[in-house]
Amino acid sequence: MQIAPLTDDAMDAVIDLWRAAGLTRPWNDPEADLRRALAGPASTVLAGIEDGALGATAMVGHDSHRGWISYLAVREDARRRGHGAAMVAACEAWLRDRGVPKLNLMVRVDNAAAHAFYDGLGYGRDDVVVRARRLDG
């Protein structure tokens with residue numbers, strides 16, 4: 001699998017992958033999220049391409065101190081082959097190249113598979129509570 005920044009011609013395939021992976025929610029607009037990440041100076045979306053097809057994605061960005069990964073997705077038929085770990089490693093490298101010292105990510109409490117995945121990569125749990133407020137109405 002080759003990993004590189006997403007090209008504009010793959011946007012529909014990315015959103016389809018996110019929906020298939022169960023990452024979208026009715027209150028979030030995945031296309032708007034994708035466009036913001038691609039337009040931002042401190043973010044991008046990495047695409048994993050295998051045999052000419054989109055196999056994985058990860059949105060990565062930072063606020064200068066903390067990096068974030070969102071929308072990590074691997075196509076169902078490409079799972080259990082190290083693609084998720086490769087995408088995380090690519091995000092870590094992208095952040096390191098920009099001097100970002102820490103990487104955070106959020107996992108839904110009930111997503112046991114994602115917790116196990118990140119545990120296996122050596123990610124710990126921070127003793128924090130994420131607080132949020134919708135600003136889009």
task: Write down the atom of M106, the atom of W68, and the distance for their closest heavy-atom approach.
output: CG-CZ3, 3.9 Å
task: Run the salt-bridge test on R81 and E50 with the 4.0 Å N-O cut-off and return the result as yes or no.
output: yes
message: Distance check, rounded to the nearest 0.5 Å: R79 atom CZ versus D77 atom CG?
response: 9.5 Å
message: Tell me which one of V60, D33, T7, L34 satisfies side chain to side chain contact (heavy atoms under 4.5 Å, CB included) with V45.
response: L34
message: For D97, is the CG atom crowded, meaning more than 12 foreign heavy atoms sit under 6.0 Å from it?
response: yes
message: Quick check: closest heavy atoms across M87 and L46, and the distance to 0.1 Å?
response: CE-O, 3.4 Å
task: Decide if atom CZ of R25 counts as having more than 12 heavy atoms of other residues, nucleotides or ligands within a radius under 6.0 Å.
output: yes
message: I'd like to check R35 versus E31 (side-chain heavy atoms, cut-off strictly below 4.5 Å). Are they in contact?
response: yes
field: Distance-minimising heavy-atom pair for P5 and T44
entry: CB-OG1, 4.1 Å
task: Measure the shortest side-chain to side-chain distance between R66 and L103 over non-hydrogen atoms and say whether it is less than 4.5 angstrom.
output: no
message: Distance alone, cut at 3.5 Å: any donor-acceptor contact between the side chains of T57 and W18?
response: yes
statement: Separation between OG1 (T24) and CG (D29), nearest 0.5 Å, reads 10.5 Å
field: Heavy-atom pair with the smallest gap, counting every atom of R108 and G22
entry: NH1-O, 4.4 Å
message: Measuring only between side-chain heavy atoms, which start at C-beta, is D136 closer than 4.5 Å to W27?
response: no
field: Nearest heavy atoms of L72 and A58, plus distance in Å
entry: CD1-CB, 3.9 Å
Counting only pairs under 3.5 Å, give me each side-chain donor-acceptor contact of residues 122-131, with atom names and distances, residues two or more places apart or in other chains.
unit_1	atom_1	unit_2	atom_2	d
Y123	OH	E92	OE2	2.5
R125	NH2	H115	ND1	3.1
D126	OD2	K102	NZ	3.1

task: List the steps and the verdict of side chain to side chain contact (heavy atoms under 4.5 Å, CB included) for F117 and V107.
output: CA-CA 11 Å; F117 171 75; V107 178; over 6 Å; no
query: Under a 4.5 Å cut-off applied to non-hydrogen side-chain atoms, are M59 and S43 in contact?
result: no
message: To check you understand the geometry: which heavy-atom pair defines the closest contact between L23 and A73, and what is its length?
response: CD1-CB, 3.6 Å
Side chain proximity check, P30 to R19, heavy atoms < 4.5 angstrom: yes
